[in-house]
Amino acid sequence: MRPAKPRGFRTIPSAAGGIARLACAQLHKLRKDVRPVLSGAGLTAQEMDDPTTRLEVHSQIKILELAAEELGDEFLGFHLALGFDLREIGLVYYVIASSAQLADALRNCERYSKINNEGVRLHFCLDRTATITLNYINVDRWSDRHHLEFWLVTLVRICRQVTDNQLAPRRLRVRHFRADPPAEFRTFFGTEVEFGADADEIIFSQSAASLPIVGRDPYLNKLLRRYAEEALASRPRDRATIRSNVERIVPQLLPHGRAKAPEVARELRMSPRTLSRKLGDEGVTFAKILDELRAALAKRYLSDGELPVSEIAWLLGYREVSSLTHAFGRWTGMTPRQFRSVERRRAERRGGRPV
């Protein structure tokens, strides 16, 4: 596969693009014009129509966001993941499906999922529970809901299909907010989704890890893992940028008023001067990252939650609502309350729940 666009100095994660192509197929199916969606994501029809072309992960996330708006489906990622054939995932799925036990399958998923998507990294931990954690690599997690929800549904579907067991997570935690998730979330997952958590995690019982895989085949698995290792070797090495590390740390410090360069530098075990220099090498400043994160989080909290504006100000590290109001006017030209009102009207026009 070839990337849709050349890579620059900063490593830009790419993906096979299957999720974005499912979204475009849904647009075609419902006779919606896909061109504005592609244009808004900086992609061409030729790139989307060629399954061998890899897409930048942030473009795939943007496709889902724009397609959801065009389709009036506030839960597009969730819905897309329910219906597609898991075999479309390709080599990685077959490595998983030929493993011995679910724990082996998830370890293989952790190792090889990068082949399909470099921007979302899985980590499997077997201790008192069997936990799958999803981490974004050089991709803005705060701009995403649909992409992450697609991953959650797909991973749970895979676990159920390969074990022939209607597994339900003990807990399911996600970072983004949803004020009023539909009942179909609980119906599918078999548990409540904890929105606004400090991690993206699927947590199964420890015993689930020892479930046998119904299609286990040690000889086939060995062969497929050899192919997967070759595919993995062709992918670029991980290079988590300083920016991505700062973006990971800052939201945790904001509510406590500690989202300052010296504190972040301490968390990263470097001096403030070194942090400033390394960010400069990546063409960005700490102040710019902080401002962009606050803007993205403010819009998300106002769109998805029923949090009072005063609490949103606290979550963003502002001591006064007036400080948030001033910053939000600079970001959007609106007050927080005006923005929330606009989002409500949009939701009502789409026939969805008011936010």
Side-chain angles (χ1 to χ4, degrees), residues 1-7 12-93 113-120 134 136-158 174 176 178 182 184-185 188 231 235 296 300 303-304 346-347 349-352:
M1 287 189 176
R2 58 181 182 275
K5 293 179 175 60
R7 292 169 181 260
I12 302 174
S14 72
I19 306 174
R21 293 183 174 98
L22 284 172
C24 289
Q26 184 70 359
L27 287 165
H28 285 304
K29 180 180 177 181
L30 297 178
R31 299 184 178 180
K32 299 285 187 178
D33 189 357
V34 74
R35 289 174 296 181
V37 172
L38 295 177
S39 175
L43 295 169
T44 66
Q46 182 179 2
E47 289 168 342
M48 190 56 59
D49 292 342
D50 182 358
T52 67
T53 297
R54 292 180 68 90
L55 309 178
E56 292 176 5
V57 175
H58 71 82
S59 297
Q60 177 157 266
I61 290 172
K62 190 66 176 178
I63 284 279
L64 290 172
E65 177 188 329
L66 296 173
E69 191 169 324
E70 181 67 25
L71 293 165
D73 185 352
E74 188 65 18
F75 309 102
L76 178 62
F78 175 87
H79 291 140
L80 288 175
L82 291 174
F84 82 105
D85 189 333
L86 293 173
R87 293 174 297 181
E88 292 180 35
I89 296 170
L91 174 61
V92 177
Y93 173 76
S113 62
K114 177 184 173 182
I115 295 170
N116 283 27
N117 192 312
E118 297 166 0
V120 181
L134 295 91
Y136 279 43
I137 306 297
N138 296 336
V139 177
D140 178 13
R141 169 65 180 92
W142 303 103
S143 68
D144 177 39
R145 291 174 298 168
H146 301 288
H147 191 250
L148 189 279
E149 288 171 5
F150 183 98
W151 272 88
L152 295 178
V153 174
T154 298
L155 286 168
V156 171
R157 282 189 62 203
I158 288 173
V174 296
H176 62 263
R178 284 207 181 272
E184 59 185 324
F185 273 52
F188 173 77
R235 303 254 50 83
R300 184 64 69 215
S303 297
D304 298 336
R346 284 178 179 169
R349 284 199 300 271
R350 292 195 300 260

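Along the sequence shown, residues carry numbers from 1.
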Within this structure, what is the OG1-CG distance for the pair T44 and L38, rounded to the nearest 0.5 Å?
7.5 Å

Please assess L152 against L134 for the test side chain to side chain contact (heavy atoms under 4.5 Å, CB included), listing each intermediate value before the final yes or no.
CA-CA 9 Å; L152 295 178; L134 295 91; 4.1 Å; yes

I want to check something: taking the side chain as every heavy atom from C-beta on, are W151 and D144 in contact at a cut-off of under 4.5 Å?
no

What I'd like to find out is whether the side chain of R178 reaches to under 4.5 Å of the side chain of R145, using heavy atoms alone.
yes

So which atom in L76 and which in A67 form the shortest heavy-atom distance, rounded to 0.1 Å?
CD2-CB, 3.7 Å

Rounded to the nearest 0.5 Å, what separates atom CD in Q46 from atom CG in D50?
7.5 Å

Quick one: closest heavy-atom pair of P13 and V139, and the distance?
CG-CG2, 3.7 Å

Taking side chain as C-beta onward, heavy atoms only, is H176 less than 4.5 Å from R141?
yes

Aromatic plane relationship, F188 with F78 - under 30° parallel, 30 to 60° tilted, over 60° perpendicular
perpendicular

Stepwise, does the side chain to side chain contact (heavy atoms under 4.5 Å, CB included) test hold for I137 with K114?
CA-CA 11 Å; I137 306 297; K114 177 184 173 182; over 6 Å; no

So does F150 get a backbone contact from the side chain of T154, meaning a donor-acceptor N/O pair under 3.5 Å?
yes

Correct closest heavy-atom pair for A68 and H146 would be CB-NE2, 3.4 Å

Is a side-chain donor or acceptor of N116 paired with a backbone partner of I89 at a separation under 3.5 angstrom?
yes

Just how far is it from atom CG of L148 to atom CG of L64, taken to the nearest 0.5 Å?
11.5 Å

Please give me the minimum heavy-atom distance between L66 and A41, naming the atom from each residue.
CD1-N, 3.9 Å

E47 side, atom CD; T52 side, atom OG1 - distance, nearest 0.5 Å:
11.0 Å

Would you name the heavy atoms of L43 and S59 that are closest together and state the gap between them?
CD1-CB, 4.1 Å

Could you tell me the separation between the CE atom of M48 and the CZ atom of R35, rounded to the nearest 0.5 Å?
15.0 Å

Could you please spell out the steps behind the side chain to side chain contact (heavy atoms under 4.5 Å, CB included) verdict for V57 and N117?
CA-CA 7 Å; V57 175; N117 192 312; 3.5 Å; yes

Shortest non-hydrogen contact between I63 and C24, atoms and distance
CG2-SG, 4.4 Å

Cation over ring, R21 on F84, under 6.0 Å and within 45°?
no

Side-chain contact test, heavy atoms from C-beta onward, threshold under 4.5 Å: evaluate it for V37 versus K32 and give yes or no.
no

The side chain to side chain donor-acceptor pair (under 3.5 Å) partner of S14 among E56, R54, Q60 is R54

Spacing of CZ belonging to F75 relative to CD belonging to E184, to within rounding of 0.5 Å
7.5 Å

